[in-house]
Protein chains: 2
Amino acid sequence: MPATPDYIRISDEIATDARSGKLKPGDKLPSIAELCAQYKVSSSTIQLVFVRLEAIEAINRRQGKGVFVTDPKTWLRKP
Amino acid sequence: MPATPDYIRISDEIATDARSGKLKPGDKLPSIAELCAQYKVSSSTIQLVFVRLEAIEAINRRQGKGVFVTDPKTWLRKP
DNA sequence: CCACATTTGTCCGTATGTATC
DNA sequence: AGATACATACGGACAAATGTG
């Protein structure tokens with residue numbers, strides 16, 4: 001059986017952290033470089049994570065500043 | 001003004017076609033190779049489009065078979 | 001204003017795996 | 001067996017926004 005793809009697993013973990021309160025609305029995620037190191041994946045995979053989380057409005061990406069978590073209450077679904 | 005990124009523009013066009021009825025629920029999208037040719041982008045960009053559309057449940061991806069449009073009424077939002 | 005470092009943003013080409021026909 | 005098609009992941013190139021000095 002196929003293991004869960006990295007980009008699904010990582011976005012689910014971030015979503016879980018936000019729902020549990022470990023990440024709060026407005027919190028800035030680690031930089032892409034740090035997330036790459038933390039999860040041992042490439043930046044392309046992290047970008048996939050961001051596209052997926054952004055599509056459901058779970059994060060807010062601001063070029064040059066960072067990626068910020070939104071309030072889970074406003075998410076379109078639980079990824 | 002920043003040009004709209006390809007993966008946003010393409011997923012918006014597909015969404016518009018589905019909403020207008022040009023694409024109907026259950027319709028199969030052209031193959032990745034055909035979409036690459038049609039929009040003159042790489043397969044990586046098409047995969048970004050798919051991840052984005054799948055996140056809002058606008059498409060259903062079936063490995064080896066194709067990518068199918070869902071009913072816009074069930075989408076999580078209008079991309 | 002300018003230079004620089006940091007960070008995110010987009011896109012590409014390729015490799016490999018898996019499912020279907 | 002072979003062809004087709006989608007799935008995941010990588011690494012790199014370059015652009016754009018921000019902040020600091």
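All heavy atoms count here, side chains included; hydrogens, waters and symmetry mates do not. Computed from a predicted structure; not experimentally measured. Proteins get letters first, then strands, A, B, ... in listed order; numbering begins at 1 in each.
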Open item on the list: Between Arg9(A) and Thr4(A), is there a side-chain donor-acceptor contact under 3.5 Å, judged purely by atom types and distance?
Closed with: no
Task: Lys/Arg N to Asp/Glu carboxylate O, Asp12(B) vs Arg52(B), below 4.0 Å - done: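 Between Arg52(B) and Asp12(B) there is a salt bridge, with a charged N closer than 4.0 Å to a carboxylate O.
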Task: SB check Lys24(B) Asp27(B) (cutoff 4.0 Å) - done: no
Open item on the list: Quick check on dA7(D): is either OP1 or OP2 less than 4.0 Å from any side-chain nitrogen or oxygen of Arg61(B)?
Closed with: yes
Open item on the list: So, does Tyr7(B) get its side chain near the phosphate of dC11(C), meaning an N or O under 4.0 Å from OP1 or OP2?
Closed with: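 No.
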Rounded to whole Å, please give me the gap between [atom1] in [X] and [atom2] in [N].
X: Ile10(A); N: dA9(D); atom1: CD1; atom2: P; value: 8 Å
X: Leu35(A); N: dC10(D); atom1: CG; atom2: P; value: 13 Å
X: Lys65(B); N: dC6(D); atom1: NZ; atom2: P; value: 12 Å
X: Asn60(A); N: dT18(D); atom1: CG; atom2: P; value: 13 Å
X: Arg9(B); N: dC11(C); atom1: CZ; atom2: P; value: 8 Å
X: Leu48(B); N: dC12(C); atom1: CG; atom2: P; value: 10 Å
X: Ile32(A); N: dC10(D); atom1: CD1; atom2: P; value: 14 Å
X: Ile8(A); N: dA7(D); atom1: CD1; atom2: P; value: 11 Å

Please write out each protein N/O paired with an N/O of nucleotides 14-16 of chain D under 3.5 Å, distance rounded to 0.1 Å.
residue: dA16(D); atom: O4'; partner: Gln63(A); partner atom: NE2; Å: 3.4
residue: dA16(D); atom: N3; partner: Gln63(A); partner atom: NE2; Å: 3.0

Task: Nearest atoms (heavy-atom pairs only) where Ser43(A) meets Ile32(A) - done: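 Scanning both residues, the minimum pair turns out to be CB-CG2, 4.0 Å.
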Open item on the list: Tell me whether Thr45(A) contacts the main-chain N or O of Val41(A) through its side chain, where contact means a donor paired with an acceptor under 3.5 Å.
Closed with: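 Not at all, since once roles are kept as given, no pair shorter than 3.5 Å links the two residues.
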Open item on the list: Closer than 3.5 angstrom, by distance alone: can the side chain of Thr70(A) be matched with the main-chain N or O of Glu57(A) as a donor-acceptor pair?
Closed with: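 It does hold such a pair.
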Task: For Glu54(A), all residues meeting side-chain hydrogen bond (donor to acceptor under 3.5 Å, both in side chains), sequence neighbours excluded - done: Arg61(A)
Task: Residues touching DNA chain D, which here means a heavy atom under 4.0 Å, drawn from residues 37-47 of chain A - done: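 Heavy-atom cutoff 4.0 Å gives Lys40(A), Val41(A), Ser42(A), Ser44(A), Thr45(A).
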Task: Working for side chain to side chain contact (heavy atoms under 4.5 Å, CB included), residues Leu29(B) and Phe68(B) - done: CA-CA 6 Å; Leu29(B) 292 183; Phe68(B) 303 86; over 6 Å; no
